[in-house]
Participant: 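This is the structure, below, for whatever I ask next.
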Amino acid sequence: MEKSDANAPRTAAPVPVVVRDQRVAGLPATAGIDPANFQESGVLLTMSAPRVRISDIAHHDGQTVSIAGWLYNIRRSGKICFPLLRDGSGIIQCVAVKANLPEELFEALKDLTQESSLIVTGKVRAEARAQGGFELDVESAEIIQRVSEADPYPITPKDHGIDFLMDHRHLWLRSKRQAAILRIRHEVIKSIRDYFDNQGFTLVDTPIFTPAACEGTTTLFEVNYFDEEKLYLTQSGQLYNEANAMALGKVYCFGPTFRAEKSKTRRHLTEFWMVEPEMAYADLEDVKALAEGLVVYCVGRVLENRKAELEVLERDVKKLESVTAPFPRMSYDDAVKVLQGKGSDITWGGDFGNTDETLLTQDSDRPILVDRYPSEIKAFYFQPDAENDKLALGVDVIAPEGYGEIIGGGQRIHDPELLLRRLKEHDLPPEAFNWYMDLRKYGTVPHGGFGMGVERFVAWMCGTEHIRECIAYPRMLYRTRP
RNA sequence: UCCUCGGUAGCUCAACGGUAGAGCAUUCGGCUGUUAACCGAAGGGUUGUAGGUUCGAAUCCUACCCGGGGAGCCA
């Protein structure tokens, strides 16, 4: 919301405290001010001070500025109070001294309740005692809404249980920690896009409504499409990606995906975001290099641009600083042997559980690339290894610290006859894949790509216990609200 | 779906067969440098629901509801 308007009239004298809506605020409006005026003029509001954000406060030392935000917390003594103002970009401690302020303003500030909305004007001052290094000496304030004490803001600065916090997710996002996670998520998403864009990839988004499964139907959410047809929410854009790669060479899709898995763990959501690149004229080694490069780039960007957020989260950044290329590479065969040596009861042909993934990476300070899985445990479209056709040219990237598989992908089958045979082996109806078979009919080439789960990646960056904190409104097995 | 843990004040928890309690939040009072401020006082409860055992149940038993953690599957 823009406040400044050079052409609008100014008030003769500063207004110490203004209440926009007295019905809501429960406080008397300042005499002589008609609340109806200010929505129109916009200038009565906060005098002439420029509006700044807390994240920029260091550039305004010594200046009088206005900050529009919410009361994060307040500490008060008899004649001095310290409102902590939150504006979405950070938190700043304001200082209101009774002796220096009109009685009305001081009392209004002192009695303010948590998460009341207000615009504070005052002088920025470097202050060693304050977190963030700056304070705001209050000169005037406009209270937009005072939260009623009869129904106070439910999330206090003290402890809360996860059930309560999840029920209040729409408010929980206002906490320092959740804001930090969302900013890191933003950095991760932006860095993913930059990584691909800088290498000539084109973003081509794939449909959310899809007519059939990519990899079996048990984990699909069914949707009634105008009474006549059953459609499913996508669980991967990969098949469409392959078509797009044949058109544009290097592509990626980036959007929500849906899995109706009845998983109830700290690593699962039913709705999560996934980025999926796909390259024409590419083999497994190209896919591995792309995946490794992506991870290194995104970790670097988070470290470079989100130091403050990592600090809020008390993330051990050494664990991220060690994430440099090259990542250790290992075949599935060797991984099974390593796991057996560490006491896992895994046998050849089985997929890794989470305990196996944690075991495998426990001595590594960076992710591990595991490739050449048994074809039986992989989807129908994986290209078999030329040296052993029981192996699929798939690769998983397993993050350290127990964060598990963050990337899965590989090289796709380009031979039409082999692909058809695999469809039949997997009991998939070939007629549903006619368009997909076309890609092998009209100029087929080796190609490959992968998918990376954004929330799992963000959880790893942030060091969160559970990925539910890494998306604003998580959708899980037993939680779909708010 | 299976295994496992839990549901007591607005919130976090205590009481574990014998009168339901504390901290925070809220209200009132005090405090000019507080850092989840502190000090004093007050209000606040059909112990998830329904049955059962018992002289007596938050506590023991049964069923159901809701949630946490994990397994399988996956990103």
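Just so we're on the same page: letters track the sequence lines, and every chain starts at 1.
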Participant: Please work out if A:His168 contacts a base, only the sugar-phosphate, or nothing of the nucleic acid, heavy-atom cut-off 4.0 Å.
Facilitator: nothing
Participant: B:rC24 and B:rG40: how far apart are their P atoms, nearest whole angstrom?
Facilitator: 9 Å
Participant: Considering only atom P, compute the distance from B:rC39 to B:rG23 and round it to an integer number of Å.
Facilitator: 10 Å
Participant: Counting heavy atoms from C-beta on, name the nucleotide in B:rA36, B:rA25, B:rA75 closest to the side chain of A:Thr156.
Facilitator: B:rA25
Participant: Across the strands shown, which category fits A:Asp159 at heavy-atom distances under 4.0 angstrom: base, sugar-phosphate, nothing?
Facilitator: base
Participant: Salt bridge (charged side-chain N to carboxylate O under 4.0 Å, His left out) with A:Glu276: which residues, sequence neighbours excluded?
Facilitator: none
Participant: Taking any heavy-atom pair under 4.0 Å as a contact, classify A:Phe272: base, sugar-phosphate, or nothing.
Facilitator: base
Participant: Check whether any side-chain nitrogen or oxygen of A:Lys158 sits under 4.0 Å from OP1 or OP2 of B:rU12, and answer yes or no.
Facilitator: no
Participant: Counting any heavy atom closer than 4.0 Å, what does A:Asp396 reach on the DNA or RNA strands: base, sugar-phosphate only, or nothing?
Facilitator: nothing
Participant: NA contact type, A:Ile407, heavy-atom cut-off 4.0 Å: base, sugar-phosphate, or nothing?
Facilitator: sugar-phosphate
Participant: Is the shortest distance from a Lys or Arg side-chain nitrogen in A:Arg86 or A:Glu115 to a carboxylate oxygen in the other one below 4.0 Å?
Facilitator: yes
Participant: Among residues 73-94 of chain A, which contact RNA chain B at a heavy-atom distance under 4.0 Å?
Facilitator: A:Asn73, A:Arg75, A:Arg76, A:Ser77, A:Gly78, A:Lys79, A:Ile80, A:Phe82, A:Gln93
Participant: Donor-acceptor pair under 3.5 Å: do we get one between A:Ser263's side chain and the base of B:rC73?
Facilitator: yes
Participant: I'd like to know if A:His160 reaches the base of B:rC11 with its side chain such that a donor and an acceptor end up less than 3.5 angstrom apart.
Facilitator: no
Participant: For A:Ala99, answer base if it contacts any base atom (sugar-phosphate contacts may also be present), sugar-phosphate if it contacts only those atoms, and nothing otherwise; contact means non-hydrogen atoms under 4.0 Å.
Facilitator: base
Participant: Heavy atoms under 4.0 Å, any strand shown: does A:Arg125 hit a base, just sugar-phosphate, or nothing?
Facilitator: base
Participant: Does a side-chain N or O of A:Arg468 approach OP1 or OP2 of B:rG67 to a distance below 4.0 Å, or not?
Facilitator: no
Participant: Report which part of the nucleic acid A:Lys264 touches: base, sugar-phosphate, or nothing (heavy-atom distance under 4.0 Å, all strands).
Facilitator: base
Participant: If the P atom of B:rC3 is compared with that of B:rG45, how far apart are they to the nearest Å?
Facilitator: 39 Å
Participant: For a quick check of understanding: with a heavy-atom distance under 4.0 Å over all strands, which category does A:Met274 fall into, base, sugar-phosphate or nothing?
Facilitator: sugar-phosphate
Participant: According to the salt bridge (charged side-chain N to carboxylate O under 4.0 Å, His left out) rule, which pairs have a member within residues 396-412 of chain A, sequence neighbours left out?
Facilitator: A:Glu278-A:Arg412, A:Arg315-A:Glu401, A:Lys378-A:Asp396
Participant: For A:Lys342, does the NZ atom have more than 12 heavy-atom neighbours from other residues, nucleotides or ligands under 6.0 Å away?
Facilitator: yes
Participant: Can you tell me, in whole Å, how much space there is between the C1' of B:rC31 and that of B:rG68?
Facilitator: 43 Å
